[in-house]
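This report concerns only the one structure given below.
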Amino acid sequence: MPTDPNNDPYYRLRHSAAHVMAQAVLEIFPEGKIAIGPPIEGGFYYDFDLPRPLSPDDLEAIEQRMRRIIKGDHSFVYRVVSANEARDLFKDQAYKLELIDGLAQGQDEYGERGSSDTVISTYKHDTFEDLCRGPHLKSTGQIPVDAFKLTSIAGAYWRGDEHRPMLQRIYGTVWNSKDELDAYLWKLEEARKRDHRRLGKELDLFSVSEDVGPGLILWHPKGARIRVIAEDFCRQAHLDNGYEWVFSPHVGRAHLWETSGHLGFYSENMFASMNVEEEEYYVKPMNCPFHIQIYKSHLRSYRDLPLRYAENGTVYRFERSGVLHGLTRVRGFTQDDAHIFCRPDQVEDEISRALDFSLYILRSFGLSDFKAYLSTRPEKYVGDPAKWDTAVEALRRAVDQHAILYEVDEGGGAFYGPKIDLKVNDALGREWQLSTIQFDFNLPERFSMEYIGEDGQPHQPYMVHRALLGSMERFFGVLIEHYAGAFPLWLSPVQAMIIPITDRHIEYAESTADRLQAAGLRVGIDTSKDRMQAKIRRAQLQKVPYMLIIGDKEQSADAVAVRTRSGADLGAIAVDAFIERAQHEAAART
RNA sequence: GCCCACGUAGCUCAGUCGGUAGAGCACGUCUUUGGUAAAGACGAGGUCAUGGGUUCAAGUCCCAUCGUGGGCUCCA
């Protein structure tokens, strides 16, 4: 996402670095074509059409030339040109010519309708002149020569359109000082260390098997343990908050998906059908039609509403191969899905409750930094506009009441209804979409859903889809990265590892483990032949919250020597006292 | 799906100019029975992703397929 010159303090620096990089690339490839090169969060990029693919070695050569250009301290010179002058100046640059035509028609460089301001300008430094609005630094010498780095090469479609040529994009980063650059690179390294794919392997939480298929997750015992704890907690919370739990099958007949409309407009995201006894069946990409069938199994009265059906529904979606990513973008996943069916007079209360509940659940998992996105009616939509307005108002009032920061995405709703998405920032400040609360004016119509009102007449209920964690897979990925694998006690797959110092302590270790287990704690015993230090190291690397060391002293005192994963040595604590402490901590979910 | 890179032991990786496969960790056996982040010795472990091709000879070069990664596009 290109940044805005008005609120990005690095805009001039990064944009100038992009120009310098473009000059360096053109020096190496004089026949190369340049596209666009904006500053972005953390750095900049420039897109090129070059005669051959770039390799990482090229980046070094480009960096060298950039350093030379920076040291040359060439001024950035601004000038305004007419469209025809610009066309002449960039006559060999096809992409620039397309931009100039767009600018002449009041479009910005991304082909979007920009301001009516049709001034065409360029910035020139040294031998390189680029079509550009600026602003820039005064001269190339203001770029700190030791605070930039070209980071990667990627493919990118011209103007983001997959039907247009694939260009080569070079990403770089630049900062005001080497210290800033180092801090940025350190942060990247930290993010890499807590990458859920890496931790998933190191902590033995999950895997993906080539034989099973891409985007299909195998939950290992420790990962599954965390999921079971999370699911149990959420299921109980749903039951406590007015939801009814339901179960539905994984496949349904073609007719169901024709009625829902999925076969019409979602089929490219569905797994292929299977033929059973001359009938086509599809693996479900969504749970909604099933919950609707439960609703329709009776004639409903206005007195029955609201109905709130919740299910951890496993769905399969055929995602394009290039988009798959660890746990966060997969082909099979389990949604903590629920559908609320209600009367018009209940809409506002239901939305407010759903948002409230969502915040409660997410906070329970230690996530507290939220932002909401309210998406309103798009140009193409189904349903009654008056109902849309009611729905949008209900959503807006709910976010207002809960005092959450929110942005409005005008016209950003799905064709079937407006929605609120809740995004959370994790411990590294990265944003993840989790909860969604969406109205649906499409399915009640398609499935002819109704309830009998007070007036004895049939009415169409409001329908709301909502998922709080989103999918168990993605949420697990976010949790792993948020906690860097060091889960709070209540979620830790192994809460305490008992470490006998010698083999003669194993018997006492086992009886202690039994006591902890009977008290509801999840414990392991390291009976390997390693030395105590090695056992501690292993438990530490597995991020086990408590290490309980047992030797002669502890055995004779009915105690354990407690070490935390943060490295603190709490000394000997009586077994019963430790149990109480751990139970208390787990119950607090901190 | 598209561009680029990558795929060698369970894991992390090395492998030069094409000449019969290497390390550390993990694993097994033995010695050691220890006090807060790795004791020592020995051993086993590989159809170099898969399938073709070039070559006297392929982990290495070429092609295809599958998978992974960084992006792009997509995520009604």
Side-chain angles (χ1 to χ4, degrees), chain A residues 40 45 47-50 52-59 151-171 192 195 197-198 201-202 204 207-215 260-262 264-270 285-286 317-326 328-331 375 378 380-382 412-417 419 421 433 436 438 440 442 470 474 499-506 528-542 547-554 561-572:
Chain A
I40 52 173
Y45 68 79
D47 288 345
F48 303 95
D49 190 349
L50 302 175
R52 67 164 173 85
L54 292 168
S55 75
D57 293 340
D58 292 315
L59 292 187
T151 48
S152 65
I153 306 161
Y157 297 110
W158 167 235
R159 299 209 134 169
D161 181 343
E162 64 178 315
H163 303 296
R164 314 267 337 237
M166 173 70 72
L167 306 174
Q168 295 194 70
R169 175 172 297 178
I170 304 177
Y171 282 95
R192 199 179 69 81
D195 187 312
R197 292 166 300 181
R198 176 194 177 100
K201 200 179 274 182
E202 287 175 4
D204 196 16
S207 65
V208 180
S209 159
E210 199 171 316
D211 289 337
V212 175
S260 70
H262 287 98
F265 49 74
Y266 201 72
S267 57
E268 68 203 33
N269 281 300
M270 291 169 70
M286 295 185 188
R317 296 182 187 174
F318 187 77
E319 301 287 357
R320 297 166 89 182
S321 57
V323 309
L324 299 175
H325 180 92
T328 57
R329 193 75 186 273
V330 293
R331 284 185 175 157
S375 301
K380 289 176 76 176
Y381 66 97
V382 299
F415 76 86
Y416 53 79
K419 62 176 178 175
D421 291 327
Q433 157 143 17
T436 184
Q438 315 192 354
D440 193 323
N442 184 44
R474 171 186 289 173
I499 296 177
I501 292 178
T502 77
D503 287 355
R504 68 174 181 277
H505 303 114
I506 288 180
S528 69
K529 300 197 76 179
D530 287 307
R531 296 170 69 187
M532 178 202 66
Q533 284 88 339
K535 294 177 183 178
I536 288 175
R537 179 168 195 271
R538 187 157 41 234
Q540 191 82 46
L541 291 174
Q542 288 296 303
M547 284 151 266
L548 308 180
I549 290 126
I550 282 177
D552 291 336
K553 285 184 281 183
E554 290 74 23
V562 180
R563 179 194 159 100
T564 69
R565 66 184 158 198
S566 59
D569 184 351
L570 304 185

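Heavy atoms only: backbone and side chains are in, while hydrogens, waters and symmetry mates are out. So you know, we letter chains A, B, ... as the sequences are listed, proteins then strands, and number each from 1.
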Where the side chain of [X] is concerned, which of [options] is the nearest nucleotide?
X	options	result
His325(A)	U12(B), G70(B), C3(B)	G70(B)
Asp569(A)	C72(B), U36(B), A37(B)	U36(B)
Met286(A)	G71(B), U73(B), A76(B)	A76(B)
Ala534(A)	C72(B), G70(B), A38(B)	A38(B)
Asp552(A)	G35(B), A39(B), G71(B)	G35(B)
Tyr171(A)	C72(B), U73(B), U68(B)	C72(B)
Arg563(A)	U73(B), A37(B), A76(B)	A37(B)
Val323(A)	U12(B), G34(B), G1(B)	G1(B)
Lys553(A)	G35(B), U68(B), C72(B)	G35(B)
Lys201(A)	G69(B), U12(B), G67(B)	U12(B)

What is the separation between atom [atom1] on [X] and atom [atom2] on [N], rounded to the nearest whole Å?
X	N	atom1	atom2	result
Arg537(A)	G35(B)	CZ	C1'	18 Å
Gln533(A)	G35(B)	CD	P	6 Å
Ile550(A)	U36(B)	CD1	P	16 Å
Arg531(A)	U31(B)	CZ	P	18 Å
His163(A)	U73(B)	NE2	C1'	9 Å
Glu210(A)	A49(B)	CD	P	11 Å
Phe48(A)	C72(B)	CZ	C1'	16 Å
Asp58(A)	C3(B)	CG	P	19 Å

With sugar-phosphate meaning primed atoms plus P, OP1 and OP2, does [X] contact a base, only sugar-phosphate, or nothing at under 4.0 Å between heavy atoms?
X	result
His262(A)	base
Leu541(A)	base
Lys529(A)	base
Arg504(A)	sugar-phosphate
Ala539(A)	nothing
Gly160(A)	sugar-phosphate
Tyr416(A)	base
Arg169(A)	sugar-phosphate
Gln540(A)	base

Considering only atom [atom1], compute the distance from [N] to [M] and round it to an integer number of Å.
N	M	atom1	answer
U54(B)	A64(B)	C1'	15 Å
G19(B)	A58(B)	C1'	10 Å
C75(B)	C6(B)	P	31 Å
U12(B)	C74(B)	C1'	34 Å
A49(B)	G59(B)	P	10 Å
C61(B)	A23(B)	C1'	27 Å
G10(B)	A5(B)	P	28 Å
G22(B)	A44(B)	C1'	16 Å

To check you understand the geometry: which heavy-atom pair defines the closest contact between [X] and [Y], and what is its length?
X	Y	value
Ser375(A)	Gly412(A)	CB-C, 3.5 Å
Gln540(A)	Arg563(A)	OE1-NH2, 2.9 Å
Gln168(A)	Leu50(A)	NE2-CB, 3.8 Å
Met532(A)	Ile499(A)	CG-CG2, 4.1 Å

Using Watson-Crick or G-U wobble geometry with both distances below 3.5 Å, tell me the partner of [N], or none.
N	result
A39(B)	U31(B)
C66(B)	G7(B)
C56(B)	G19(B)
C48(B)	none
C2(B)	G71(B)

Upstream residue (5' side of RNA chain B) when Pro53(A) and Ser152(A) are each assigned their closest nucleotide: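 The 5'-side residue here is Pro53(A).
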Arg317(A) vs Ala154(A), nearer the 5' end of RNA chain B by closest nucleotide: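 First, find each residue's nearest nucleotide; the 5'-ward one identifies Ala154(A).
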Look at the side chain of [X] and the base of [N], then say whether one donor and one acceptor between them are separated by less than 3.5 Å.
X	N	value
Arg329(A)	C74(B)	yes
Tyr157(A)	G71(B)	no
Glu554(A)	G35(B)	yes

Asp569(A), Val562(A), Ile501(A) screened by side-chain contact (heavy atoms from CB on, under 4.5 Å) with Ile549(A), the one that passes: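 With Ile549(A) as partner, side-chain contact (heavy atoms from CB on, under 4.5 Å) holds for just one option, Ile501(A).
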Interatomic spacing from CD1 in Ile550(A) to OG1 in Thr502(A) - rounded to 0.5 Å: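 Result: 11.0 Å between the selected atoms.
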Gap between atom CZ of Arg159(A) and atom CG of Asp47(A) - 0.5 Å precision: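 If I round to the nearest 0.5 Å, the distance is 12.0 Å.
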Ring geometry between Phe265(A) and His262(A) (parallel below 30°, tilted from 30 to 60°, perpendicular above 60°):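 Taking Phe265(A) first and then His262(A), their aromatic rings sit tilted (interplane angle of 30° to 60°).
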Exam field: side chain Arg164(A) to backbone Tyr157(A), donor-acceptor pair closer than 3.5 Å: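 Here the side-chain-to-backbone pair does not exist.
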Short side-chain N/O contact to G70(B) OP1/OP2 from Arg192(A), under 4.0 Å: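 False: Arg192(A) side-chain N/O out of range (4.0 Å or more) of G70(B) OP1/OP2.
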